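Since the structure comes first, as structure tokens, the remarks are kept for the end.
Note that the coordinates shown come from a computational prediction; the quantities given were computed from them, not determined experimentally.
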2 protein chains.
Amino acid sequence: MADTALQILALNAFNPMASAQLSRDVAELVTRRQRSFGQASVLFYEEPLHVVAGIGTELITIDGTPYLDLYNNVPSVGHCHPRVVSAVRAQVGRLNIHSRYLFDVVHDYAEQLLATFPAPLTNVLFTCTGSESNDLALRLARLVTGGLGVVVTKTAYHGNTTAVTEVSPSSYKKGAPPAHVRTVPPPHRAYYGDDIAGGFARAVGAAITAMANDGIRFAALLVDSIFSSDGVFADPPGFLAEAAALVRAKGGLLIADEVQPGFGRTGAGHWGFARHGVVPDIVTMGKPMGNGMPIGGVVTRPDLLADFAESFGYFNTFGGNPVASAAALAVLNVIKDEDLIGNANRVGNHMMASLRDLSARHPAIGEVRGAGLYVGVDIVNRGTGRPDPAETTRLINRLRERHILIGAAGPFGATLKIRPPLCLSVGEVDRFIDALDDSAAA
Amino acid sequence: MADTALQILALNAFNPMASAQLSRDVAELVTRRQRSFGQASVLFYEEPLHVVAGIGTELITIDGTPYLDLYNNVPSVGHCHPRVVSAVRAQVGRLNIHSRYLFDVVHDYAEQLLATFPAPLTNVLFTCTGSESNDLALRLARLVTGGLGVVVTKTAYHGNTTAVTEVSPSSYKKGAPPAHVRTVPPPHRAYYGDDIAGGFARAVGAAITAMANDGIRFAALLVDSIFSSDGVFADPPGFLAEAAALVRAKGGLLIADEVQPGFGRTGAGHWGFARHGVVPDIVTMGKPMGNGMPIGGVVTRPDLLADFAESFGYFNTFGGNPVASAAALAVLNVIKDEDLIGNANRVGNHMMASLRDLSARHPAIGEVRGAGLYVGVDIVNRGTGRPDPAETTRLINRLRERHILIGAAGPFGATLKIRPPLCLSVGEVDRFIDALDDSAAA
Ligand SMILES: Cc1ncc(COP(=O)(O)O)c(C=O)c1O
Ligand SMILES: Cc1ncc(COP(=O)(O)O)c(C=O)c1O
């Protein structure tokens, strides 16, 4: 699987050979980093950023330059949002302990979080990361179904544990996932023609059958409903429903990985799966949940948890601790009080419309896709119309020069990945559009 | 594996049937908790504690009662230590982001952390939890050795992911770990007679041979060098060296799980493995690292990381973020400035001496074991001299009535597990000894 998201990293990553012009300050930090972190470390940009502060939609570098952040989905209500900061500051001075004692804030949070879910999803387990959430979801699904087999999309990324790496084809630089993991192309016309719902469901069905033929029992379809690392695929809303029905008919579970689309990013309710009119069996979450404080979660039905509790206990030392819970509760309240879901919808629509205008004028700017403030833009070769990773990398680095941060996704690393804090303004979108317009022309 | 640490939980856990006398406040929280968390949730004590604050060695409940905390090893430099609190408060208002940009505090921390390790261990990867650290250690060890087989102790607990649950025999309520996980008895006279070093090494050797006979290639010996959930086994210092040499001879790696003994708890340097005169190939850490902020880590040699980096990337969204790094850096500085390693040694020795005095006077108080402020005390039946889980539970609940918090460990849940914040005083130990003296007599 060489044509994967890791290639994207390689493309956009800092390369010590290629970058001779680093400032002394950055060069020094890079040297220290390589000494401590060794070869497993990845840095963004030809010239890595030395950041010292974050506020709202901006990251500030050591020389005082503000960068408009269109990349980071963790600080989803805005970098260092004052209400999240106050909540953390108050709680960290009072109590921070595991949840085998009783304390209030985790229960207040659990109830408000569960209130955003449809009826049968009434239980939550707290973890610290998206990876832990997906790992626990796999444990639940495998225990309940007695199966091992999981279907994922071709360039999916779901996290970093042993079991979750197996269901993350994009993590393999060499080799490929084991036989109990099967991949299907992402939901796009290019693979399925006009019947994306039917085509995607048939591909999932074929994967389940192929597994069964190899003696592997099916456990779950695991999908990120915005298909981030595959290249951002949101449309048409509802296309997941047919695959979900098939998965149930085959005795498997639907696991919705909401680490990327969750907490309002798609501009239509809190959860990406809602756009598809499906109710997953298990929902996993992380990243934006605590606006940077490590907290993740698994939401599911009591019957799935009961089976699990009979065979295993689950203890996560830091999961749902008071400080993480306080941060996460503040996030939920800010999303509501600042109407960030409405803002994601309005500003995201404005962004997509503006990008489509650009696309009409710039041959390198291809299809624009997305929902709310999760937007993908294909960058294509002017001549051949094929994905153009080199041009994508050039644009990302040119936007950095204009103090705008953005990333790439997709199997070729040729889709701009745009997922700013949800408090982004129309004015900031326009600034980005102007900069992209200039960069694409240059 | 019914006779495991989970049984301990069952014994000491809150049981809704058995506890009719809950205060209204606690009863209400328990009801809310059961509604949100479902059946997978565990609470401590016949009458669960509703905590509202933590300070130093004390947890404060809602009615204002301070409890002396002899149980919690996460707030290792003391609950809500002012220097950790300030570090978090300052950083959370300034910047909190992943480490694909450069920022200072993670590098300052990485260097100070690595300075506590012996020479060949010069690289660190940051995670969020002990489970993630052990999961990553398994990935590294398996990739480098080409083996799958892991040897652990019989009642070990190493964390909650799919892969780490397999190497945590104490997590199985039903069934047992898979064939590629083999267990050996913990290092104690009861299993190995007087030659603990030799006996333990021979048991590990036999497990490796048995695996090989089943066609399973050996990857690693994974041990918590204080053997917490097995029942706390610290002596004689050095007993691990013989097993470590054998592991290397068999082509495997030694993974030291320092989630429990690490960061000075054993009163002899920062790391539990140091007491054994061994240098592990991989060291994992978590819990006390950030005094409650979720941060974990894997420290290893550059050559082990290089192999891994060729096959996979490793990204952990929150791993080593600025807030977690700032907390962890403060923890390292407090350990040094307050001489907490020296204190753990002095106060731990006083505690063990006092417990041995009690043991001479109370037939129920058996062997006292430990290092620094990690102490285990076997509770035995007065008549038969066998492990007495019921008496252990009674003592734990009686100590709770005297406002002292303590836990249990070991295969029968009949070993008192004592691991307070490292700032514990001699006077606090004496208060505990008096309370245990009274409780054991009653
Ligand atoms: C869709 C998805 N799931 C899970 C994860 C894993 O999250 P974490 O890095 O917090 O473990 C990621 C991280 O990038 C992700 O994009
Ligand atoms: C020895 C040991 N290793 C690992 C872990 C897992 O740590 P966490 O709960 O932070 O994942 C624990 C937790 O109790 C532990 O005791």
Find the distance between CZ (B/Phe315) and CG (A/Asn160) and round it off to the nearest 0.5 Å.
9.5 Å
What part of A/Val26 gets within 4.5 angstrom of chain B, counting heavy atoms only: side chain, backbone, both, or neither?
both
Per-residue contact mode, A/Ser86 against chain B (heavy atom under 4.5 angstrom)
neither
Under 4.5 Å heavy-atom distance to chain B, tell me which part of A/Leu113 shows up: side chain, backbone, both or neither.
neither
How many angstroms lie between atom CG of B/Leu102 and atom OG1 of A/Thr61, to the nearest 0.5 angstrom?
11.5 Å
Okay, A/Gln91 and chain B: the region with an atom under 4.5 Å from a heavy atom over there is neither
Does any backbone or side-chain atom of A/His81 lie under 4.5 Å from a heavy atom of chain B? Answer side chain, backbone, both or neither.
neither
Given 3.5 Å as the limit, does a donor-acceptor pair link the side chain of A/Lys173 with the main chain of B/Ala309, or not?
yes
Rounded to the nearest 0.5 Å, what separates atom CG in B/Leu95 from atom CD1 in A/Ile60?
9.5 Å
Is there a side-chain contact between A/Asn316 and B/Ser131 (heavy atoms, below 4.5 Å)?
no
When rounded to the nearest 0.5 Å, the distance separating NZ of B/Lys287 from CZ of A/Phe318 is 7.5 Å
Residue part contacting chain B, namely of A/Leu49, when any heavy atom lies under 4.5 Å:
both
Polar contact flag, side-chain donor to acceptor under 3.5 angstrom, B/Glu132-A/Thr129:
yes
Residue A/Tyr71 versus chain B: region with a heavy atom under 4.5 Å:
side chain
Whatever's closer than 4.5 Å to a heavy atom in chain A on B/Ile55 counts as neither
Please state whether the side chain, the backbone, both or neither of A/His107 comes within less than 4.5 Å of a heavy atom of chain B.
both
Checking A/Val74 against chain B: side chain, backbone, both or neither under 4.5 Å from a heavy atom?
side chain
Nearest heavy-atom neighbours spanning A/Tyr101 and B/Asn72:
OH-ND2, 3.0 Å
Rounded to the nearest 0.5 Å, what's the gap from CG on B/Asn134 to OG1 on A/Thr162? Could you check?
10.5 Å
I need the minimum non-hydrogen distance between B/Arg100 and A/Val42, along with the two atoms involved.
CG-O, 3.3 Å
Over all atoms of both residues, closest heavy-atom pair of B/Asn321 and A/Pro294:
ND2-CG, 4.0 Å
Using side-chain heavy atoms (C-beta onward) and a distance below 4.5 Å, is B/Gln39 in contact with A/Pro302?
no
Sub-4.5 Å side-chain heavy-atom contact between A/Phe37 and B/Val124:
yes
Against chain B, label A/Asp108 side chain, backbone, both or neither, depending on which of its atoms sit under 4.5 Å from a heavy atom there.
both
Separation between CG (B/Asn96) and CG (A/Asn291), nearest 0.5 Å, reads 8.5 Å
